[in-house]
Each structure stands twice: as C-alpha cells, then as structure tokens.
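Here the structure is laid out as structure tokens; the discussion comes afterwards.
All values below were derived from every heavy atom in this structure, side-chain atoms included, with hydrogens, water molecules and symmetry-related copies excluded.
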Amino acid sequence: MSTSKEYLSFILEQLSSLDEISHRMMMGEYLIYYRGKVAAYICDERFLVRPVPSAMKMLPDAEYDSISEGGRKKLLRVDDVDNREFLTDLFIAMYEELPEPKPKKRKSK
C-alpha cells in the first residue's frame, strides 16, 4: 500500500512552521528532508524518523519499524502526528544529529 497524497499533505502541513522542509517521492513513498538532510520517511501511511539520540530521547516508547517488509533499516514510528508543536520540536532537536547528505556522483562522459 502506498501513502496517499492526502497523508503527505497533512504531514507537510504539520511541519509547515519549519524552514526548508521538502520531500521527494520514491517508489510510491516519500522522503522528508529538513534543511537538506533526510529526517523522515512516510511509508504506508506511517511517519518514520531516523533513530538519532535526540529522537530516541523524545520518543522513548516508540516502536521501531522499517520502510519495507523485512527491511533492515530500522526507524522510529511517530504515532502522535497530530501534535504539530511536538513534531516541530522533534525535527529541530534531530537536525544536528542527522547525517550529512552524500555527495552526488558526477556522471563521466
């Protein structure tokens, strides 16, 4: 099951007080970027964030989930997506701990 555009729009609206939020579609699901870094994923109507220390501290009871069935990448599932202030604080706290984007490979001619 792919994520609906309505759910994506809802999450983006919840994060709208943050500068530099963007998204990219990938195989029917979405990557959420904060200031150029991948901060979260939206998969099958679930909002998943990277398990950096600040996220684990702010979501102590969150369940780990993966992007796909049997996937190796474990992420924290955020169930309280209705709390706009919490999501904003979560992204701000996570930013410094998020990995830097990988440099893009140049195509050789």
Short question: side chain of E29, backbone of T3 - any donor-acceptor pair under 3.5 Å? yes

Donor-acceptor pair, side chain of S54 and main chain of A93, under 3.5 angstrom: yes

How long is the gap from [atom1] on [X] to [atom2] on [Y], to the nearest 0.5 Å?
| X | Y | atom1 | atom2 | result |
| --- | --- | --- | --- | --- |
| D61 | L76 | CG | CG | 11.0 Å |
| F10 | F47 | CZ | CZ | 10.0 Å |
| I92 | M58 | CD1 | CE | 9.0 Å |
| M25 | Y30 | CE | OH | 4.0 Å |

In the structure I gave you, are the side-chain heavy atoms of P51 and L75 within less than 4.5 Å of one another anywhere? yes

Less than 4.5 Å apart, side chain to side chain, heavy atoms only: is that true for Q14 and V81? no

Can you name the side chain to side chain contact (heavy atoms under 4.5 Å, CB included) partners of [X], sequence neighbours left out?
| X | value |
| --- | --- |
| S17 | T88 |
| S4 | E6, Y7, E45 |
| R77 | R46, L48, E63, D65, D79 |
| M26 | R24, L31 |

side-chain contact (heavy atoms from CB on, under 4.5 Å) between V49 and I32, worked out: CA-CA 9 Å; V49 297; I32 304 297; over 6 Å; no

Apply ring pair (Phe, Tyr, Trp, His ring centres under 6.0 Å) to Y95 and list each qualifying residue two or more places apart in sequence or on a separate chain. Y34

Please collect all salt bridge (charged side-chain N to carboxylate O under 4.0 Å, His left out) contacts where either partner lies in residues 34-43, sequence neighbours excluded, each pair once. K37-E100

What one should report as the nearest heavy-atom pair of G36 and P101 is O-CG, 3.3 Å

With clusters defined by side-chain heavy atoms of hydrophobic residues (ILVMFWY) lying less than 4.5 Å apart, directly or transitively, does [Y] cluster with [X]?
| X | Y | result |
| --- | --- | --- |
| F86 | V52 | yes |
| I42 | Y33 | no |
| Y41 | I21 | no |

State whether E97 and R50 are salt-bridged, where the test is any N-O pair (Lys NZ or Arg NE/NH1/NH2 against Asp/Glu carboxylate O) under 4.0 Å. no

I'd like to know whether V38 forms a side-chain contact (heavy atoms from CB on, under 4.5 Å) with L98, so could you lay out the CA-CA distance, the side-chain angles of the two residues, the decisive distance to 0.1 Å, and finally the verdict. CA-CA 7 Å; V38 176; L98 294 171; over 6 Å; no

Test log, rule side-chain contact (heavy atoms from CB on, under 4.5 Å), inputs I11 and L8: CA-CA 5 Å; I11 294 295; L8 170 67; 5.6 Å; no

Go through D80 and L59 one step at a time and tell me if the side-chain contact (heavy atoms from CB on, under 4.5 Å) criterion holds. CA-CA 10 Å; D80 189 11; L59 296 161; over 6 Å; no

